[in-house]
Amino acid sequence: METYLDGLDADQRRAVQHKSGPLLVVAGAGSGKTRAIVARIVRLVLDGVPSRRIVGITFTNRAAEEMRDRVARQFPDGADLPWLGTFHAFGAILLRRFGSRIGLPPGFVIYDARDQHEVVRQAVRDNNLDEKKFPPAMFAGLVERAKRDGVTVAAAAAASGYYFADKAAAVGAAYDAALAAAGAVDFADLIRLPVRLFSEVPEALSAVRAEVRHLLVDEFQDVDRGQAELSRLLAEGADSFCAVGDEDQSIYGWRGGSAGPMLSFERDHPGATVFHLGTNYRSKSAILLAAGEVIGKNRLRREKRIVPARQGGEPPAVLVHADGEAEADAVAAAVAAEIRRAVSPSEIAVFYRVNAQSRAIEDALRRLDVPYVLRGALSFYDRASVRDGMAYLKWFLNPDDPVSLKRLLRAPRRGVGEVALSRARETANLSGVPLSGALAKIPGMSPLFSLRGRWLSTLPTAGPGEALRALLEGSGYIAWLEERSREKGEGQEIRRDDLENVRELIGLAGAFKGKGEEAVRDFLEKVSLSPKDEGGDADNAVRLMTLHTAKGLEFDVVFLVGLEEGLLPHSRSADSGSGLEEERRLFYVGLTRAREKACLSFARRRMLFGSHRDAIPSRFLHEIPPALVRWEEAGSPQGKPFRGATFAGSPSCRVTAAPGPPRKSRRVRHPLFGEGKVETEEGEGAERKIIARFPGYGLKKILVRAVRMELLD
DNA sequence: CCCCCGTCAGCTGGT
DNA sequence: CTGACGGGGG
């Protein structure tokens with residue numbers, strides 16, 4: 001009968017069927033929470049709730065897609081499905097509909113991190129500040145933090161201990177003005193402005209409440225203040241509200257995410273119920289046991305019990321390698337071996353802490369012809385030619401957008417440069433006309449404007465793909481790329497890649513339904529809000545991703561690489577207790593992705609900034625009791641195998657670190673650079689060098705015997 | 001204004 | 001190693 005309950009345990013069923021009042025489901029790793037959410041949606045629909053009255057918010061677009069697929073399978077083809085997406089996508093929809101009520105232009109664009117950086121940089125310059133002393137990235141961080149926390153930029157600066165709060169405030173003001181002039185919003189605005197909209201325009205709130213009758217929010221341990229507030233505003237008017245999360249998987253503290261709203265759930269939502277899902281159906285108990293030991297070291301958590309449903313399995317393996325390259329080769333070989341053992345490639349994943357680590361793994365996999373897909377950030381949409389294409393679309397839709405214009409004026413060059421552009425901006429500011437008005441007076445701009453006129457006239461009947469192609473061909477961009485690829489001749493693979501990337505972008509746009517401006521905007525928005533996976537045939541490829549993007553996924557075999565001090569925990573998170581605990585949760589998230597097998601590894605030397613540095617195994621490896629892991633032999637730098645199999649006091653580790661917990665990060669005072677933090681060391685005896693970071697000077701490599709330094713702790 | 005080239009500083013994480 | 005910037009010649 002009620003098939004949606006089939007195969008669910010008692011805890012899951014309670015979560016699916018609970019009806020009265022707000023519900024928080026505390027769902028441990030692998031406890032089938034996605035399953036429960038999907039079943040809950042199905043239950044709502046069978047109860048007679050129209051799909052469009054249900055909204056499910058997930059942390060990433062990918063998670064939303066996955067959930068949509070799973071929900072879709074429960075309904076007949078073509079049935080209406082609930083809206084599923086991220087907070088940011090939801091915010092964008094709200095602003096498209098009601099933005100004009102709080103002064104947003106109807107066709108506003110969304111600036112991504114790079115666009116934002118460009119605007120901040122311009123704001124720094126406009127304030128006559130030296131970019132070296134006042135790095136735009138830092139101001140961007142402060143601006144974002146201010147928006148997120150609902151405070152002024154000056155307050156955010158003060159809160160993070162930044163001395164020049166007044167400068168930060170000035171840059172922040174210039175930044176906001178520039179966004180307004182360009183008709184743009186940033187990511188933080190997509191959360192902040194809807195919250196403001198609801199408080200300033202009650203009709204908007206009641207209109208939305210009339211539509212969103214049932215709300216589900218996944219990954220609730222990672223919501224920031226604004227997202228929690230948005231959830232609360234919607235939940236208060238809804239027939240049901242179900243939040244799902246796990247404190248132990250809260251890994252986005254650095255961008256404002258916090259398990260706080262989970263912990264205060266009952267206070268924030270009167271009449272709330274809390275359920276626990278405590279059975280892990282995913283990982284073999286050997287893996288879960290090790291993971292549990294590590295996460296148990298965190299102090300800022302509530303003790304909870306997770307019962308493994310799948311007994312047995314191999315304890316996680318730990319491998320030591322001479323350097324990052326050797327590690328990559330070994331992982332690739334092990335991946336290939338798993339595939340030979342008939343494990344499907346798409347059931348194998350390699351996780352790392354920072355994107356830069358992917359390179360070595362990719363190279364090694366390619367050498368062995370193992371297919372892989374790269375998930376996430378540094379990918380397709382970050383490439384110059386792809387960003388060029390997007391810049392064309394953006395500027396042609398919105399000629400007041402200086403960031404996109406600046407980009408398209410260099411590809412190809414049109415005799416209009418920085419000088420003309422800033423003069424136009426000045427004119428626009430002084431006379432109060434939009435930027436496009438001032439631009440139209442520049443002779444070099446006239447071909448672009450007339451192309452724009454023609455393009456706009458054909459736009460209503462064109463899909464995004466055709467529109468983009470028309471633009472890139474009509475403007476001479478593609479011809480310019482072709483020219484460059486011919487010019488440079490053979491050996492210039494990069495140029496040819498540019499052309500291919502642009503063709504792929506046109507193809508992607510072509511896959512979008514609809515015609516005209518609206519459809520093009522849809523495309524732009526989709527692209528700026530969700531990254532694209534990189535690589536070939538995803539069905540049959542090994543997955544490579546950061547630990548952050550691994551959240552919510554599961555694989556038969558998982559490799560966790562680079563388990564070294566400085567990398568995991570990352571050196572920039574390890575100095576505070578809460579930062580360290582977040583790093584530990586990251587390790588926990590990684591380990592609990594594995595169903596059958598987990599392989600942990602570290603290297604004794606790792607390439608950074610083009611040179612090798614000595615590395616120390618991650619403290620998290622020490623936190624797994626020796627009986628719960630298998631220490632395996634691996635090659636030494638000379639190719640000789642290490643002897644000894646356990647970590648504590650093992651010969652393989654004595655080489656780089658004394659047994660026991662690694663040394664604390666130390667501070668030193670340099671006669672010239674002042675106080676700094678030691679990151680790593682290299683060499684021994686008279687050649688011993690430390691690499692330390694000094695505020696204002698950056699990373700410095702210092703020969704210890706040559707410089708008199710004070711040890712501060 | 002554009003292009004080339006030498007120099008220098010920098011790597012979390014992601015919507 | 002990579003990307004960003006500033007200086008100089010075209």
Side-chain angles (χ1 to χ4, degrees), chain A residues 57-64 85-92 110-114 116-118 121 125 130-132 135-137 141 144 147-148 185-192 219 222-224 226-227 251-257 351-360 375-379 381-382 384 409-421 423 442 444 484 525-531 545-551 562 566-574 579 582-583 585-586 589 606-613 679 691 693-694 696-701:
Chain A
I57 296 187
T58 56
F59 198 69
T60 62
N61 278 292
R62 238 179 250 112
T86 62
F87 273 110
H88 291 86
F90 188 70
I110 299 168
Y111 274 179
D112 67 14
R114 265 177 109 132
Q116 180 186 41
H117 186 83
E118 190 56 41
R121 201 165 68 161
R125 287 179 183 168
D130 176 8
E131 286 177 55
K132 289 268 156 57
E144 185 163 331
K147 288 189 177 187
R148 215 173 56 206
V185 301
D186 60 22
F187 280 141
D189 288 334
L190 293 177
I191 307 300
R192 178 185 71 118
E219 308 284 8
D222 282 318
V223 294
D224 66 23
Q227 292 165 341
I251 53 175
Y252 284 88
W254 49 272
R255 70 169 219 210
F351 302 152
Y352 36 81
R353 177 63 175 82
V354 304
N355 281 305
Q357 287 172 266
S358 75
R359 185 79 169 259
R375 189 158 218 201
L378 288 171
S379 61
Y381 294 116
D382 254 359
L409 285 177
R410 349 179 119 243
R413 304 273 178 169
R414 293 194 155 78
V416 181
E418 199 75 27
V419 177
L421 196 55
R423 210 170 287 147
I442 302 174
R484 290 199 336 161
E525 198 158 303
K526 186 61 170 239
V527 161
S528 53
L529 291 179
S530 65
M545 66 191 85
T546 64
L547 284 163
H548 281 92
T549 46
K551 192 175 66 167
L567 217 40
L568 186 73
H570 196 275
S571 52
R572 295 180 63 169
S573 301
E582 185 155 309
E583 296 289 307
R585 289 192 291 271
L586 216 36
V589 165
R606 186 161 296 276
M607 179 87 92
L608 195 63
F609 296 137
S611 71
H612 279 283
R613 309 252 195 90
E679 301 217 334
I691 291 116
R693 183 177 292 277
F694 296 92
Y697 297 92
L699 275 183
K700 296 285 173 194
K701 190 187 280 191

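Order of the sequence lines sets the chain letters (A, B, ...), proteins ahead of strands, with each chain counted from 1.
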Trainee: Separation of Lys147(A) atom NZ from dT15(B) atom P, in whole Å?
Mentor: 19 Å
Trainee: Checking the side chain of Glu144(A) only, and the main-chain atoms of Gly141(A) only, is there a donor and an acceptor separated by less than 3.5 Å?
Mentor: no
Trainee: With a 4.0 Å cut-off on heavy atoms, is Arg359(A) in touch with a base, just the backbone sugar-phosphate, or nothing at all?
Mentor: sugar-phosphate
Trainee: For Asp224(A) and dG14(B), give me the distance from atom CG to atom C1', rounded to whole Å.
Mentor: 12 Å
Trainee: Within a strict 4.5 Å, meaning less than it, do heavy atoms of the Ile57(A) and Thr86(A) side chains meet?
Mentor: no
Trainee: So, His570(A) and dT12(B): ring centres less than 5.5 Å apart, planes less than 30° off, yes or no?
Mentor: yes
Trainee: Heavy atoms only: give me the nearest Glu525(A)-Ala92(A) pair and the separation to one decimal.
Mentor: OE2-CB, 3.3 Å
Trainee: Could you tell me how far apart Glu582(A) (CD) and dG13(B) (P) are, to the nearest whole angstrom?
Mentor: 14 Å
Trainee: Between the side chain of Glu583(A) and the main-chain N/O of Ser573(A), is any donor-acceptor distance below 3.5 Å?
Mentor: no
Trainee: Any N or O donor-acceptor pair linking the side chain of Thr86(A) to the base of dT15(B) at under 3.5 Å?
Mentor: no
Trainee: Atom CG of Leu568(A) to atom P of dC11(B): distance rounded to whole Å?
Mentor: 20 Å
Trainee: Here's a test for you: under ring pair (Phe, Tyr, Trp, His ring centres under 6.0 Å), which of Phe351(A), Trp254(A), Phe59(A) qualifies with His548(A)?
Mentor: Trp254(A)
Trainee: Would you mind telling me which of dT15(B), dC11(B), dG13(B) lies closest to the side-chain atoms of Arg255(A)?
Mentor: dT15(B)
Trainee: Could you state the atom-to-atom distance from CZ of Arg62(A) to P of dG14(B) in whole Å?
Mentor: 10 Å
Trainee: Expressed in angstrom and rounded to an integer, what is the separation of Met545(A) atom CE from dT12(B) atom P?
Mentor: 22 Å
Trainee: If the P atom of dG13(B) is compared with that of dA4(C), how far apart are they to the nearest Å?
Mentor: 16 Å
Trainee: Are Trp254(A) and dG13(B) stacked, counting the six-membered base ring, centres under 5.5 Å, planes under 30°?
Mentor: yes
Trainee: Is it the case that the side chain of Glu118(A) and the backbone of Arg114(A) share a donor-acceptor pair, with hydrogens and angles ignored and the cut-off at 3.5 Å?
Mentor: no
Trainee: If you look at every strand shown and take non-hydrogen atoms under 4.0 Å, does Arg606(A) touch a base, only sugar-phosphate, or nothing?
Mentor: nothing
Trainee: Below the 4.0 Å mark, does dG14(B) have OP1 or OP2 next to a side-chain nitrogen or oxygen of Asn61(A)?
Mentor: no
Trainee: Looking for any heavy atom pair under 4.0 Å, which part of the strands does Glu144(A) touch: base, sugar-phosphate only, or nothing?
Mentor: base
Trainee: Does Asp224(A) pair with Arg255(A) as a salt bridge, N-O distance under 4.0 Å?
Mentor: no
Trainee: Figure out the OH/P separation between Tyr352(A) and dG13(B), and round it to whole Å.
Mentor: 10 Å
Trainee: Need one value for Thr60(A): base, sugar-phosphate or nothing, where a base atom within 4.0 Å counts as base even if backbone is also close, heavy atoms only.
Mentor: sugar-phosphate
Trainee: Once you round it to whole Å, what is the distance between C1' of dG13(B) and CZ of Arg353(A)?
Mentor: 5 Å
Trainee: Looking across every strand, which nucleic acid part, if any, lies under 4.0 Å from Phe87(A) by heavy atom: base, sugar-phosphate, or nothing?
Mentor: nothing
Trainee: Please list, in 5' to 3' order, the outermost nucleotides of DNA chain C lying under 4.0 Å from any heavy atom of chain A.
Mentor: dC1(C) to dC5(C)
Trainee: Under 3.5 Å, side chain of Asp222(A) to main-chain N/O of Glu219(A), donor-acceptor pair present?
Mentor: no
Trainee: Mark yes or no for a side-chain to base donor-acceptor pair under 3.5 Å between Arg572(A) and dT12(B), with no hydrogen or angle criteria applied.
Mentor: no
Trainee: Report the nucleotide, chosen from dT15(B), dT12(B), dG14(B), that has the shortest atom-to-atom distance to any side-chain atom of Asn355(A).
Mentor: dG14(B)
